[in-house]
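Order of the sequence lines fixes the chain letters, A, B, ..., with proteins taken first and strands second; residue numbering starts at 1 for each chain.
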Protein chains: 2
Amino acid sequence: MTSKPNVRQPGHVACRDCSLSSLCLPLALSLQDIDQLDRIIKRGRPLKKGEHLFLEGDPFTSVFAVRSGAIKTYTATNEGEEQITSFYLPSEILGLSGMDTDVYPVSAQAMETTMICEIPFDQLETLSDRFPELRRHMMRLMSKKIREDQQMMMLLSKKNADERIATFLINLASRFRRRGFSSQSFRLSMSRNEMGNYLGLAVETVSRVFTRFQKNGLIFAVGKEIEIRDPVQLCSLAGGKSVDLEQIISTA
Amino acid sequence: MTSKPNVRQPGHVACRDCSLSSLCLPLALSLQDIDQLDRIIKRGRPLKKGEHLFLEGDPFTSVFAVRSGAIKTYTATNEGEEQITSFYLPSEILGLSGMDTDVYPVSAQAMETTMICEIPFDQLETLSDRFPELRRHMMRLMSKKIREDQQMMMLLSKKNADERIATFLINLASRFRRRGFSSQSFRLSMSRNEMGNYLGLAVETVSRVFTRFQKNGLIFAVGKEIEIRDPVQLCSLAGGKSVDLEQIISTA
DNA sequence: TGACGTCATTGAGTGGCCTCAAAGTCGTAT
DNA sequence: ATACGACTTTGAGGCCACTCAATGACGTCA
């Protein structure tokens, strides 16, 4: 390899040139500061579908940003089945929950071919000492994650199958929209099985709800391709006070 | 009032003299550093049962540590009912999830007479700039909260009523134990209704499970007083890989 | 292109937990 | 001490989502 510090492999984009930077980086960082962050970020080869980014119990060393593709995190239940805890789409950050135990509490696996930016945590901490804004960004990220998890707890303890799936679809739509993609029409990166696992439903229930939604003109689904046909009704099913919902409606 | 800076009202204990400090403060802070933290902490009058510490939507200004008593946090569902998101016991910190929205995403209410230490967030951030260890402590707290919430999601999506209640009791026992109290015998600060609300179960189900557990010699419960009679079996019902469980067994 | 494995769909039947209803118990305040 | 309200317990019945089972569709690889 003849690569010099500033020569990246093809497909390796610097943070300052990354279209996702406004989503995953604190806005207040100056260009020079971003370059400093850029220097500590490791960009590995793409992960193929099924490959693991880290395993439950692995020593906690880094947090990760998804550049393209999709990642799921999961943990093992007592009976040894997998319980999916989160899906991560491009620009989203994972690995923050390992910080206080020094091991990752979940496994992270690619659901499709996935590009990842790795941020070694000790270097991130060093950099945090210098840039208060970066540190606040990290804390905000974690705070947001806590709120999202609590929304999820609400879904799991109070919503029925229809509401869970409506909520899930609206949430995905909102995340696609945030990255500049269509919020009406997108491709699910997870199987019905994974969706059910995440939402606390049996596969068959997921399938039945999809069929019913389609029959009622709420969505149009062919395999993993989803089109949201009636966002207003889907949002009202999803309930919730989230601002996201209104945004989806307004752009539909 | 004739109080001078270092004269506290009765019952107002300085951090360095607080029996809970080893639980709620980072261990690495020196005595002088602790005194600096101590100076920014506000100790209000005790909250009576039912009083609110903050309401959902209130501007986010502070994080709080419970000194005595108990706090529940809750949010409103779409139908306007309350959904309890957490219970906080002495030495535990709440309010961290409002950090990225500038408003509290939940309401916090005293379940019994409760003493609180209030830590204004802007001053905490200033202090964090100076003490990296304090900052890491905050992040570890949030990371821990994320892991706990994920355990809760697992409970809600995979466990049946028996397992949920066993898990809940074991978890409480472990938290009492951590503060030096008995993990076999304690007093619940929440009603059956609140427990069910939190665990995603109807009150009647909670009551039935309690009765059954008692019949089977797992627990002995009179009103809110709980005695764990068969911690081993209760833990095995609770399942989970948490180290807490083993500790409960070993001290039972 | 055909065969295979994986994933998705659909149906039938069951069971766990919820809802509704009523009686019993506890705590508190007058 | 007594009465009231709030909480808890217990029972009966119903529903939603699960399990089990079989068929159908898709994608992949030889």
| remark: Given protein heavy atoms under 4.0 Å, the one-letter contact record of nucleotides 13-30 of chain D, with B base, S sugar-phosphate only and - none, is simply ----SSBBB---------
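- Side-chain atoms of A:T85 and A:T73 include a donor-acceptor pair closer than 3.5 Å.
- Residue pairs satisfying the salt bridge (charged side-chain N to carboxylate O under 4.0 Å, His left out) criterion with at least one member in residues 82-94 of chain A, sequence neighbours excluded, are listed as follows: A:K72-A:E82, A:E92-A:R175.
- Summarising the geometry, the separation between CG on A:N197 and C1' on C:dA8 is reported as 16 Å, rounded to the nearest angstrom.
- Side-chain atoms of B:S97 and B:K145 include no donor-acceptor pair closer than 3.5 Å.
- Contact between the side-chain N/O atoms of A:T211 and the OP1/OP2 oxygens of C:dT10 is found at a separation under 4.0 Å.
- The distance from atom CD1 of A:I165 to atom P of C:dA8 is 12 Å, rounded to the nearest whole Å.
- With hydrogens and angles left out, the side-chain atoms of B:S62 and B:E118 include a donor and acceptor closer than 3.5 Å.
- Taking CZ of B:R192 as the start and CG of B:L201 as the end, the distance is 13.0 Å to the nearest 0.5 Å.
- Rotation axes derived from the C1' atoms of the five outermost pairs at either end of the helix from C:dT1-D:dA30 to C:dT30-D:dA1 lie 40° apart, to the nearest 10°.
- Applying the side-chain contact (heavy atoms from CB on, under 4.5 Å) rule to A:K224 yields the partners A:R187, A:L188, A:S191; only residues at least two apart in sequence or on another chain are considered.
- Taking atom CD of B:E81 as the reference point, atom P of C:dT19 lies 9 Å away to the nearest angstrom.
- Per the geometry, NZ belonging to B:K224 stands 13 Å off C1' belonging to C:dT28, to the nearest Å.
- In this structure, the CG atom of B:L156 is 14 Å from the C1' atom of C:dC17, given to the nearest Å.
- B:S191 comes within 4.0 angstrom of the backbone, heavy atoms only, and of no base.
- Within the structure, no pair that satisfies the ring pair (Phe, Tyr, Trp, His ring centres under 6.0 Å) test touches residues 203-228 of chain A, not counting sequence neighbours.
- Straight-line distance from the CZ atom of A:F210 to the C1' atom of C:dT9: 13 Å, rounded to whole Å.
- Scored by the ring-ring contact (aromatic ring centres under 6.0 Å, His included) test, B:F60 finds B:Y104, B:F121 as partners (sequence neighbours excluded).
- Looking only at side-chain heavy atoms (C-beta outward), B:L156 and A:K158 stay at 4.5 Å or farther from each other.
- What separates CE of A:M195 from P of C:dA8 is a distance of 8 Å, to the nearest Å.
- Separating the CD1 atom of A:I219 from the P atom of C:dA8 is a distance of 14 Å, rounded to the nearest angstrom.
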